[in-house]
There are 2 protein chains.
Amino acid sequence: MAKKLSLGYKVFLTHSGNLNMPTSPTPLQDQADRFARAREAQSVALLEDYVELIGDLHAELGEARVADIAQRMGVAQPTATKAIARLKREGLATSRPYRGVFLTEDGSAMADRVRSRHRTIVAFLIAVGVPEDVAETDAEGIEHHVSGHTLKAFERFLAQRD
Amino acid sequence: MAKKLSLGYKVFLTHSGNLNMPTSPTPLQDQADRFARAREAQSVALLEDYVELIGDLHAELGEARVADIAQRMGVAQPTATKAIARLKREGLATSRPYRGVFLTEDGSAMADRVRSRHRTIVAFLIAVGVPEDVAETDAEGIEHHVSGHTLKAFERFLAQRD
DNA sequence: CGTGAAAGATAGCCAGTGCTATACCTTCTG
DNA sequence: CAGAAGGTATAGCACTGGCTATCTTTCACG
């Protein structure tokens with residue numbers, strides 16, 4: 001973390017020596033930050049997907065088995081196991097060998113948040129004229145990159161539409 | 001395969017017993033496909049970002065140097081070099097050692113497509129009430145997951161707004 | 001109640017994307 | 001025109017997220 005910050009600053013200073021940037025108040029650093037942000041979001045995306053899915057499985061089937069998780073994520077079972085290991089490391093889930101997977105309090109909270117965001121985005125896309133199945137597919141990729149700010153805008157849009 | 005199918009059916013039946021399935025012709029496979037699609041998009045995202053950036057640099061500075069690319073992407077220089085190697089492998093760019101990086105015809109086409117999509121998405125987000133800087137940031141992550149279908153919907157929305 | 005099939009865990013491989021450190025060209029300057 | 005400075009390439013490490021193959025545990029049924 002501190003590492004990333006220091007690098008960021010170094011880059012900024014190095015470049016300001018160039019003096020050939022057009023207008024922009026924060027010309028380069030901004031863009032670099034945006035990319036960094038997107039990369040960061042990506043690293044969280046997978047956690048969010050798994051956590052949401054585990055929540056769904058508990059709601060639908062009363063438990064979340066590794067095989068079901070793998071199947072719904074469309075990955076091989078060891079891949080799911082590895083992802084679950086990461087969830088445990090991050091304090092989002094627990095599991096007992098050969099039993100199911102369970103969300104911690106944090107995990108549940110994340111699942112709720114993610115599910116709600118997902119629903120909003122799908123509803124929003126449909127509201128602007130995207131077919132339901134496309135909306136569902138696009139939302140799967142988009143959702144992890146929609147900031148709270150943008151989500152609020154979507155909600156406002158939906159509300160004023162009613 | 002047979003294993004997965006049988007499990008799939010079990011879940012489906014279990015669930016249809018609930019009588020709250022809407023329509024869905026393919027309950028589980030769909031979701032797995034969506035995740036697969038999102039993963040696929042992710043693998044292309046980085047290429048798109050680099051290609052667009054290289055195009056921008058050529059437009060702004062007349063050339064695209066590795067150092068500038070790295071700086072704007074917010075990564076270390078060897079990371080940019082490695083990414084460029086991948087672009088070359090995929091036929092999107094060429095480069096001569098210690099000279100600049102150049103887009104192939106395919107690369108240019110991709111850059112144009114990506115840039116246009118990016119602009120549309122930012123304009124759309126702003127149109128629905130997202131502040132410009134947030135729109136810019138979110139677009140950076142979102143754009144790679146917006147299908148042609150959804151992009152069209154965004155364009156229609158913008159057009160009817162004018 | 002024992003066993004075989006299915007579920008889950010583990011090992012080991014690969015590719016991608018970061019990083020730092022270091023070696024190697026080019027270029028610019030004194 | 002030599003040498004310093006800076007841009008570029010390369011080597012090597014770490015981690016993530018895929019995969020297959022294989023071993024272990026559970027559990028359901030004969």
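Throughout, a chain's letter reflects where its sequence line sits, starting with A, and its residues are numbered from 1.
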Listing time: all N or O pairs from protein to nucleotides 10-13 of chain C that are below 3.5 Å?
none

Whole angstrom value for the distance that separates [atom2] of [N] from [atom1] of [X]:
X       : N      : atom1 : atom2 : result
A:Phe35 : C:dG18 : CZ    : P     : 11 Å
B:Asp49 : C:dT17 : CG    : C1'   : 13 Å
A:Lys88 : C:dG8  : NZ    : C1'   : 11 Å
B:Arg89 : C:dT17 : CZ    : C1'   : 11 Å
A:Tyr50 : D:dT16 : OH    : C1'   : 12 Å
B:Met73 : C:dG18 : CE    : C1'   : 12 Å
B:Arg86 : C:dC14 : CZ    : C1'   : 14 Å
B:Leu46 : C:dA15 : CG    : C1'   : 13 Å

A:Thr137: what forms a side chain to side chain contact (heavy atoms under 4.5 Å, CB included) with it, not counting sequence neighbours?
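Checked A:Thr137 against side chain to side chain contact (heavy atoms under 4.5 Å, CB included); matches are B:Arg34, B:Arg37.
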
Look at [X] and [N] and indicate whether a side-chain polar atom (N or O) is within less than 4.0 Å of OP1 or OP2.
X       : N      : value
B:Thr79 : C:dT17 : no
B:Arg96 : C:dC25 : no
A:Arg39 : C:dT17 : no

Close N or O pairs between protein and nucleotides 26-28 of chain D (under 3.5 Å):
from: D:dC27; atom 1: OP1; to: A:Arg99; atom 2: NH1; distance (Å): 2.7

When rounded to the nearest 0.5 angstrom, what distance separates [atom1] in [X] from [atom2] in [Y]?
X        : Y        : atom1 : atom2 : answer
B:Arg161 : B:Phe157 : CZ    : CZ    : 4.5 Å
A:Asp138 : B:Thr150 : CG    : OG1   : 3.5 Å
B:Leu53  : B:Leu57  : CG    : CG    : 4.5 Å
B:Arg113 : B:Glu48  : CZ    : CD    : 7.0 Å
B:Arg89  : B:Leu47  : CZ    : CG    : 9.0 Å
B:Ile69  : B:Asp56  : CD1   : CG    : 11.0 Å

Option from B:Asp68, B:Leu87, B:Asp49, B:Leu92 for which side-chain contact (heavy atoms from CB on, under 4.5 Å) with B:Ile54 holds
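In the set B:Asp68, B:Leu87, B:Asp49, B:Leu92, the residue that makes a side-chain contact (heavy atoms from CB on, under 4.5 Å) with B:Ile54 is B:Leu87.
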
Between B:Ala83 and A:Ile84, who's closer to the 5' end of DNA chain C by nearest nucleotide?
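Between the two, 5'-proximity favours A:Ile84.
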
Between A:Glu52 and A:His118, does any side-chain donor sit less than 3.5 Å from a side-chain acceptor?
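Short answer, no.
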
